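Worksheet for the structure shown next.
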Amino acid sequence: MDKPIIIQKYGGSSVANIDRIKAVARRITETKTKNNHLVVVVSALGDTTDELEAMAFQINDTPPDREMDMLMSTGEQISCALLAIAVKALRHEAISFTGMQVGIKTDSAHTKARIVTIRGERISKALSEGKIVIVAGYQGVTEEDDITTLGRGGSDLTAVALAQALKADVCEIYTDVEGIYTTDPRKVKEARKIKTITFDEMLEMASLGAQVMQARSIEVAKRFNIPIHVRSSFSKEEGTMIVKTNEKLEDIAVRGITSNSSEAKITICAVPDKAGVAAKIFTGISKAGVNVDIIVQNVSQTNHTDISFTVPKTDLTKALAAAKKVAHKIQAGEVQQDKDIARVSIVGSGMRSHHGIAAKMFQALAENKINIEMISTSEISISCIIKQNQVDKAVRALHKKFELDKLN
Ligand code: ADP
Ligand code: ASP
Ligand code: MG
């Protein structure tokens with residue numbers, strides 16, 4: 001393309017009602033000049049996707065995935081058409097497209113499809129005609145022309161994947177906060193905006209619960225080294241740059257705190273302590289199609305041990321049934337469940353070169369009488385499983401302990 005290409009993605013809250021759609025239309029017409037090309041990706045209005053999902057669940061508590069994608073993808077079709085209408089009302093040329101129309105081909109893993117290719121010819125043609133292109137986020141289409149969705153929050157992925165396919169010069173994600181903060185600014189008022197964060201840190205924060213960016217979109221941004229500017233659709237302030245590296249960050253051990261209450265804990269009691277038992281348990285769980293996260297096996301005193309692990313709450317019923325079946329087979333004891341747990345995590349690349357971080361985290365929790373039930377670590381994060389009703393207190397305590405409120 002002859003001119004720089006700008007990608008802008010507007011999230012659900014940025015287009016929650018007609019006034020906001022008009023405001024976004026004004027903003028994009030201010031961005032579009034004769035000397036650039038503009039592609040806008042848009043999410044469904046406000047809570048539309050949740051509402052569509054809830055309707056399906058009123059009919060069937062295990063709705064078929066293919067039909068869910070047909071349903072859930074409609075929200076974005078509405079918003080992209082309305083935005084195109086709003087832009088045209090401001091006397092600018094615009095055209096809206098669904099994922100299918102712009103050739104976003106995915107595999108057939110309905111509700112969490114992976115993008116395979118993007119044939120951007122229709123976008124390129126519209127851009128060369130001087131139009132603002134508005135693409136429905138979160139969706140694609142299989143080889144068989146079945147509509148798919150890219151997992152919740154998937155409009156972020158549409159934006160990043162289009163940035164890669166079109167070799168865009170700028171990729172901006174507009175949301176309802178001013179950027180990436182040290183923790184969720186809606187829960188902790190002392191949270192500070194971060195100027196620059198690395199792909200690795202953002203990926204870890206997103207995977208551990210910071211919903212501000214979809215984790216899969218950061219994976220793609222990292223793979224193709226696409227810098228992302230996360231900023232507010234309600235102000236002109238600079239937001240946060242997500243980039244490959246930033247040497248200045250080396251000194252900061254902990255960049256952010258996240259929490260997540262989407263997991264439940266299962267404990268299989270009195271498991272015979274002998275070779276092959278863990279393999280049997282986790283093969284059984286995996287055959288049920290459930291992903292296990294943290295696993296803890298206690299030290300055996302009496303040739304029997306307890307094994308605890310976490311699974312997504314949405315898979316708890318399936319996982320419990322599988323666990324009970326295996327427990328019976330291997331002559332273990334009772335199978336217990338606990339839904340009232342949450343994960344609190346600290347994230348930062350500087351952890352690689354700082355020591356004493358784990359100790360400081362556990363100290364902060366202890367000072368607040370928060371009991372740690374499980375611990376898991378990665379190279380740049382430490383997570384603790386605690387009681388759900390203590391999670392907000394834990395986030396605030398860790399934010400303070402690591403002095404993130406003082407970060408500028
Ligand atoms: P959008 O509709 O624009 O995609 P989301 O609701 O998906 O927006 O993400 C934005 C929200 O993410 C914010 O309103 C904020 O409450 C939440 N959030 C959680 N953790 C963070 C964080 N560390 N920094 C910024 N926002 C965060
Ligand atoms: N509307 C979809 C969702 O709510 C996709 C997105 O907003 O990014 O998950
Ligand atoms: Mg989002």
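If you're wondering where the values come from, they're calculated on a predicted model, not measured in any experiment.
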* Structure fact -> Taken to the nearest 0.5 Å, the spacing of M202 CE from I180 CD1 works out to 4.0 Å
* Evaluate the criterion side chain to side chain contact (heavy atoms under 4.5 Å, CB included) for residue pair M351 and I357; output intermediate values, then yes/no. => CA-CA 7 Å; M351 258 183 226; I357 304 294; 4.0 Å; yes
* Does a salt bridge link E190 with K400, judged by any charged N lying under 4.0 Å from a carboxylate O? -> no
* Asked: Should the pair D65-K112 be classified as a salt bridge under the 4.0 Å nitrogen-to-oxygen rule?
  -> no
* Do E51 and T48 get their side chains close enough for a donor-acceptor pair, meaning under 3.5 Å? -> no
* Modelled atom types, side-chain donor and acceptor of D69 and T148, under 3.5 Å -> no
* To do: Kindly check if the number of other-residue, nucleotide or ligand heavy atoms within 6.0 Å of CZ (R352) is above 12?
  => yes
* Do R66 and D146 meet the salt-bridge criterion of a basic N to acidic O distance under 4.0 Å? -> yes
* Asked: Can a donor-acceptor pair be found between the side chains of E201 and S349 at a distance below 3.5 Å?
  -> yes
* Asked: Between K125 and E121, is the closest basic N to carboxylate O distance under 4.0 Å?
  -> no
* Asked: Atom CD1 of I346 and atom SG of C384: how far apart are they, to the nearest 0.5 Å?
  -> 8.0 Å
* Asked: Between the side chain of T31 and the main-chain N/O of R27, is any donor-acceptor distance below 3.5 Å?
  -> yes
* Lys/Arg-Asp/Glu bridge criterion (N-O < 4.0 Å) met for K222, D200 -> yes
* Asked: Is R231 salt-bridged to E172, cutoff N-O under 4.0 Å?
  -> yes
* To do: Going by the side chain to side chain contact (heavy atoms under 4.5 Å, CB included) test, name the single residue among V42, L157, T49 that passes it with Y138.
  => T49
* Asked: Are the charged groups of K313 and E263 less than 4.0 angstrom apart, N to O?
  -> no
* **Check ion pair K236-E30 (N to O, under 4.0 angstrom)** => yes
* Asked: Would you say E367 has more than 12 foreign heavy atoms packed within less than 6.0 Å of its CD?
  -> yes
* Would you find a donor on one side and an acceptor on the other, under 3.5 Å apart, between the side chain of S232 and the backbone of E178? -> no
* **Presence of salt bridge, R216 and D156, under 4.0 angstrom** => no
* Pair H399-T182, side-chain donor/acceptor within less than 3.5 Å -> yes
* Compute the ring centroids of Y174 and F234, then answer whether they are less than 6.0 Å apart. => no
* Asked: Between D405 and K189, is there a salt bridge with N-O shorter than 4.0 Å?
  -> no
* Under a 4.0 Å N-O cut-off, is there an ion pair linking D50 with R152? -> yes
* Will you find, in the side chains of S381 and E204, an N or O donor that is under 3.5 Å from an N or O acceptor? -> yes
* Asked: Can you check salt bridge (Lys or Arg N to Asp or Glu O under 4.0 Å) on D293 and K265, steps first, answer last?
  -> CA-CA 10 Å; D293 197 358; K265 183 173 80 171; over 6 Å; no
